[in-house]
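Naming: A, B, ... by sequence-line order, numbering from 1 per chain. Computation of the quantities below employed the complete heavy-atom set of this structure, encompassing side-chain atoms and omitting hydrogens, waters and symmetry-equivalent molecules.
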Number of protein chains: 4
Amino acid sequence: MSSSFGRLFVVTTFGESHGPAVGVVVDGMPPGIRVTAADIQRELDRRRPGQSALTTQRQEADQAVVLSGIFEDVSLGTPIAIVVHNTDARSKDYGPLKDVFRPGHADYSYVAKYGVRDHRGGGRSSGRETVGRVAAGALAKVALATVGVRIVGGTVQVADVRAERRDWDEVEKNPVRCPDAAAAERMAAVIAAARDEKDSVGGVVEVTALGVPAGWGDPTMEKLDAALGAAMLSIPATKGVEIGGGFAMTTLRGSQSNDAFDGTRYTTNYAGGISGGISNGADVVVRVAVRPATSIGKPQTAATASGGTTTIEIGGRHDPCICPRVVPVAESMMAIVLMNAWLRQRALRGAEK
Amino acid sequence: MSSSFGRLFVVTTFGESHGPAVGVVVDGMPPGIRVTAADIQRELDRRRPGQSALTTQRQEADQAVVLSGIFEDVSLGTPIAIVVHNTDARSKDYGPLKDVFRPGHADYSYVAKYGVRDHRGGGRSSGRETVGRVAAGALAKVALATVGVRIVGGTVQVADVRAERRDWDEVEKNPVRCPDAAAAERMAAVIAAARDEKDSVGGVVEVTALGVPAGWGDPTMEKLDAALGAAMLSIPATKGVEIGGGFAMTTLRGSQSNDAFDGTRYTTNYAGGISGGISNGADVVVRVAVRPATSIGKPQTAATASGGTTTIEIGGRHDPCICPRVVPVAESMMAIVLMNAWLRQRALRGAEK
Amino acid sequence: MSSSFGRLFVVTTFGESHGPAVGVVVDGMPPGIRVTAADIQRELDRRRPGQSALTTQRQEADQAVVLSGIFEDVSLGTPIAIVVHNTDARSKDYGPLKDVFRPGHADYSYVAKYGVRDHRGGGRSSGRETVGRVAAGALAKVALATVGVRIVGGTVQVADVRAERRDWDEVEKNPVRCPDAAAAERMAAVIAAARDEKDSVGGVVEVTALGVPAGWGDPTMEKLDAALGAAMLSIPATKGVEIGGGFAMTTLRGSQSNDAFDGTRYTTNYAGGISGGISNGADVVVRVAVRPATSIGKPQTAATASGGTTTIEIGGRHDPCICPRVVPVAESMMAIVLMNAWLRQRALRGAEK
Amino acid sequence: MSSSFGRLFVVTTFGESHGPAVGVVVDGMPPGIRVTAADIQRELDRRRPGQSALTTQRQEADQAVVLSGIFEDVSLGTPIAIVVHNTDARSKDYGPLKDVFRPGHADYSYVAKYGVRDHRGGGRSSGRETVGRVAAGALAKVALATVGVRIVGGTVQVADVRAERRDWDEVEKNPVRCPDAAAAERMAAVIAAARDEKDSVGGVVEVTALGVPAGWGDPTMEKLDAALGAAMLSIPATKGVEIGGGFAMTTLRGSQSNDAFDGTRYTTNYAGGISGGISNGADVVVRVAVRPATSIGKPQTAATASGGTTTIEIGGRHDPCICPRVVPVAESMMAIVLMNAWLRQRALRGAEK
């Protein structure tokens with residue numbers, strides 16, 4: 001089950017970066033929901049490469065083909081298979097890297113695990129695997145909208161530059177996908193500088209779910225926090241996640257971090273909308289630490305399969321900062337988590353909650 | 001499955017804080033491993049209340065009773081059920097709280113989810129649920145030791161005080177479970193001050209696995225990072241988790257955060273021992289953000305079930321800082337994650353890897 | 001997960017025949033359902049040994065102790081742990097059998113699988129494991145009754161004697177648990193004869209669910225037929241299962257076995273209430289082939305752990321025909337299957353269906 | 001998870017009968033195994049329609065396209081996605097059936113479950129879904145062969161005609177796939193007669209696994225019997241399953257049905273190679289009851305969506321007996337079950353067993 005996420009809304013991705021295709025099977029989409037090819041394509045377009053000068057120049061149309069589960073623009077309740085063919089796979093770029101373990105990449109750990117690997121473009125470890133997640137997330141978003149849940153997200157930090165505002169309508173207006181127009185400009189400059197120095201930078205992506213009713217999530221092993229943690233840390237290049245107040249709460253006192261609640265609304269949200277693993281009616285807020293992209297042009301020393309080391313300069317076409325493209329992926333994973341929580345609560349209580 | 005963790009080494013906890021017992025069933029312990037009652041009790045003793053003046057004064061012997069799966073001190077490969085009876089459950093303390101939603105607690109979200117709840121001591125949402133996790137973790141540690149994997153952990157931050165050293169032998173010598181003796185004293189003072197002011201403080205717990213071979217973990221949805229993220233964020237009162245460099249990496253460049261590796265050893269460990277979701281042979285390092293304990297004696301405004309608000313001062317017996325007791329729980333959850341990764345790798349490749 | 005059944009109503013049993021206890025954890029019981037200790041005990045009493053001269057004379061009170069998940073006779077929605085202590089475990093009876101692989105038993109296959117085993121009374125392979133299933137089944141029955149589903153069952157064949165009638169009210173009135181009083185007498189005679197010859201006989205148990213609405217079950221891999229097949233063949237000593245017309249349909253033509261349906265009711269039920277894996281509104285009918293009990297007093301040649309053979313006469317206290325005691329177990333497994341199907345349909349569609 | 005089977009070798013099918021494609025994702029194929037497109041196509045060719053005058057005349061090339069998980073004819077250990085496009089989908093044939101619930105089919109139960117359906121050719125309930133199972137089974141067979149396990153199967157009964165011999169080399173030589181050449185001729189005559197009368201017949205398919213070592217399978221809820229029962233009863237049109245002696249054992253005595261075993265070999269195999277849910281080293285033998293095909297040309301009364309009834313004569317292109325085409329499907333499901341049992345045993349014990 002290493003490639004599946006969820007129990008009731010089950011998302012299974014497949015595909016290698018330079019194989020024939022990547023894709024996803026979504027099992028558990030409720031029937032009778034109107035969903036069109038455009039709903040899926042719109043989200044894939046947010047994730048695809050080549051959107052701006054700040055992202056990789058690999059050219060992929062990332063055209064989704066729906067093979068099953070949707071009939072006359074309505075979900076059937078049966079598995080929805082979606083395939084995206086790889087078209088701009090320049091496998092030759094990777095010939096020289098066949099026996100080199102690129103620093104920061106999973107080349108070595110894959111060989112340790114499997115004994116074999118498709119070395120072209122990272123194979124299965126490529127960020128291209130997230131195409132399937134975004135297609136699945138698009139379905140989840142459409143389904144969640146039927147019960148008033150909406151998911152927004154953006155890049156809230158790049159290197160040392162932090163967004164001060166959360167103007168979600170701003171996100172699609174700048175290439176960084178930052179909800180703060182002023183910060184976005186400074187972030188773009190930082191990314192461009194790193195790119196020009198053949199280096200990369202990290203950042204933080206924040207995702208928020210609006211309209212989640214109280215009562216979703218599970219109380220112990222599958223707390224909503226835990227499910228979100230797994231979801232976010234399953235995204236390539238993420239190395240940290242925090243809910244609500246997160247690490248900042250570790251320096252507070254309980255009298256500060258216990259959210260004020262009058263039975264109807266919260267005036268603070270240190271809990272990030274989740275109490276005891278269960279949604280409490282406030283916005284569900286998650287932040288994800290995104291490491292600097294591992295593929296950089298600068299010369300690096302790398303180990304080789306034969307036991308020695310070599311110096312490499314990774315050419316290819318890479319993202320100097322992957323935050324802008326992580327945004328739709330993180331939104332998708334949150335949508336998938338919430339779909340599961342929603343359906344599970346329906347199983348537990350029956351009526352819509 | 002809300003109360004289960006893992007697929008191959010499956011840990012299912014049960015029990016309410018003031019019900020007859022808490023416990024766990026562990027399904028998937030490999031057969032033929034020598035394990036004694038003392039192995040389990042030793043870990044439970046690290047978690048139990050009343051260990052020092054810095055923890056709750058609730059008195060629970062937390063005596064483990066093994067009901068199955070171990071015969072003549074050897075694991076049978078069948079489910080191991082372990083029960084710990086609740087003995088010092090002063091349910092009367094909670095009568096007045098029956099219709100009050102304690103700030104920061106899960107009282108309200110539980111009612112939203114289930115419609116009913118056992119209000120005594122938080123019922124299922126109590127930290128007492130972690131007794132079962134620690135018993136299961138004890139089994140996991142014993143099993144992992146047979147392949148040379150050892151797990152260590154400690155409190156590395158309390159409020160603003162941070163440990164500078166990682167002297168794991170120091171941990172059990174101070175009540176904070178800090179791997180830095182000097183920092184431990186300052187942490188203890190901070191905790192005592194909060195306690196005296198009827199308040200609480202948060203902190204950070206760090207857990208490290210030594211001796212994990214390269215190749216454990218899964219590459220996409222069930223990355224080792226993701227499994228650890230879920231495991232840690234399933235522990236009560238945790239609101240953040242980071243692997244290796246974590247959030248600190250977000251301000252670095254790729255040329256800094258790509259770990260140097262000569263094919264044999266790493267000289268840096270920003271990846272926290274995990275590349276592409278798979279262990280890479282370096283130490284696996286996780287840090288968990290622990291919020292300030294939510295039960296405090298200070299007067300707080302709380303919502304009531306009848307729709308109004310009231311002022312409460314939570315008496316009872318509570319921890320002013322739960323980090324010292326989270327340490328064995330976090331270690332246990334890491335052990336459970338690694339057991340699953342180990343068994344899964346055996347399934348994939350057969351021979352020990 | 002070898003000891004768990006179900007995804008949403010998850011039943012995990014534990015315990016060896018001659019260990020301290022057997023029991024079960026049920027995770028997924030909907031909250032707010034009234035359930036008493038008597039509801040559980042009544043079903044356990046139907047399964048326990050020593051009920052009549054036709055069953056084993058092992059004396060076990062099989063007293064259920066509920067450790068969690070039920071508070072003031074109402075389900076909390078949290079895991080319900082139930083323990084039954086073993087009291088009449090005469091382990092000494094089994095000393096001589098420590099190194100003998102009893103014919104028809106799982107002694108040899110257990111050693112092949114695990115390398116070790118608790119040889120006393122079959123250990124985990126004992127029918128005593130089904131205590132936990134029946135306790136879980138009792139909960140499932142109580143929950144299903146809230147939506148009008150009732151499960152009945154009985155012994156419909158012993159050796160060559162077949163029941164001609166399905167008078168479910170008759171079942172608890174005769175020791176064979178046969179729904180045909182006249183056949184019951186002949187069955188009892190056949191069982192007594194086998195017992196007196198230190199031998200055993202097999203038979204068929206039939207279980208029916210009344211009141212299942214159309215739409216429960218899944219269409220492909222988890223057809224309701226498949227779930228029932230797994231459930232029934234997970235009961236010790238079962239070697240066949242059939243739904244509705246079952247094997248008898250193999251000699252019919254489609255024009256005979258296509259059930260007549262006018263949109264409201266079925267006048268035949270070859271499909272056993274399941275079409276395409278999904279309930280169709282008719283009674284759900286399952287029959288289970290129960291092999292003759294493997295423990296017999298007659299001399300048998302048996303292999304030994306040292307590689308030779310020996311002659312054994314199994315003394316102990318055994319059932320000459322286990323059908324009467326399989327009835328409550330089969331009913332329980334059907335109830336567990338239907339609970340999962342019900343909750344899953346709620347997840348899929350929301351409102352009660 | 002309704003469309004997935006297995007925990008470690010996870011098979012997820014997708015696709016409707018008259019949609020763009022059917023297919024499968026197999027997650028858990030061990031890496032490093034040589035597997036070619038021909039290995040997959042050979043099995044699909046055994047299942048595809050139009051093979052003889054005894055099967056449906058729908059013309060589908062059923063050409064498999066591998067999208068991932070295999071690189072240079074070697075399995076990568078990553079998900080293997082296989083797609084088969086539907087080419088001869090005459091959807092117009094089904095227009096008149098849009099609002100009719102065909103007798104014996106799942107039309108009504110699907111509407112009850114989902115509220116919507118793809119009515120063309122049964123949509124998801126079509127036997128065409130099994131294309132994905134057979135592709136997955138081909139992978140499983142290749143993998144099992146590396147440890148000496150081989151799976152054979154055939155039609156052993158059609159209506160009242162039973163095979164007396166089990167000459168597995170004979171199976172592919174006759175259109176009935178019967179392991180008894182003489183019986184095959186009589187079976188073919190029976191099928192042709194039913195076809196000419198616009199009717200259909202049922203039968204029994206038997207599948208055997210050779211070379212399974214002792215120790216595979218689980219002891220309680222996931223007994224090998226149970227897994228095989230679920231696997232077989234998940235195949236469309238099956239309504240019964242038996243292991244080894246099956247229903248015939250119900251009329252025997254224990255002294256007859258306890259298999260004779262000298263520690264090395266069995267001289268009888270009433271247990272069908274499975275003791276206590278675990279393989280015992282003998283051949284694993286399963287028989288499946290296949291009902292008469294539900295699509296028949298004879299006039300039948302059928303309920304309609306509007307609440308009335310109508311008379312239908314199902315034209316289209318259908319199988320008068322589906323046993324010959326069930327054979328590769330049943331073999332595939334057994335292979336999938338055994339793959340899971342094998343990998344699980346590796347997880348439990350490490351070394352090959």
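Side chains of D:S68 and A:V22 form no contact here, defined as non-hydrogen atoms less than 4.5 Å apart. The side-chain heavy atoms of D:P328 and D:R133, taken from C-beta on, include no pair separated by under 4.5 Å.
For D:V66, the part lying under 4.5 angstrom from a heavy atom of chain A is the backbone only. Both the backbone and the side chain of D:F14 come within less than 4.5 Å of a heavy atom of chain A.
In terms of non-hydrogen atom pairs under 4.5 Å with chain A, the most contact-rich of D:V116, D:T13, D:T12, D:I70 is D:V116. Ranking D:P30, D:G32, D:G115, D:G69 against chain A, the residue ahead of the rest is D:G69, based on heavy-atom pairs under 4.5 Å. Interface summary for chain D: among A:G123, A:G23, A:A21, the most heavy-atom pairs under 4.5 angstrom belong to A:A21. With respect to chain D, the highest number of heavy-atom pairs below 4.5 Å among A:V83, A:I80, A:V25 belongs to A:V25.
By the 4.0 Å N-to-carboxylate-O rule, D:K141 lies close enough to D:E43 to be salt-bridged with it.
For A:R346 and A:W342, the positive end sits near the middle of the six-membered ring, less than 6.0 Å away and at most 45° from its axis.
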For this session: Go through the steps for D:I314 and D:R102 under the test side chain to side chain contact (heavy atoms under 4.5 Å, CB included), then give the verdict.
Result: CA-CA 8 Å; D:I314 299 180; D:R102 293 168 297 165; 4.0 Å; yes

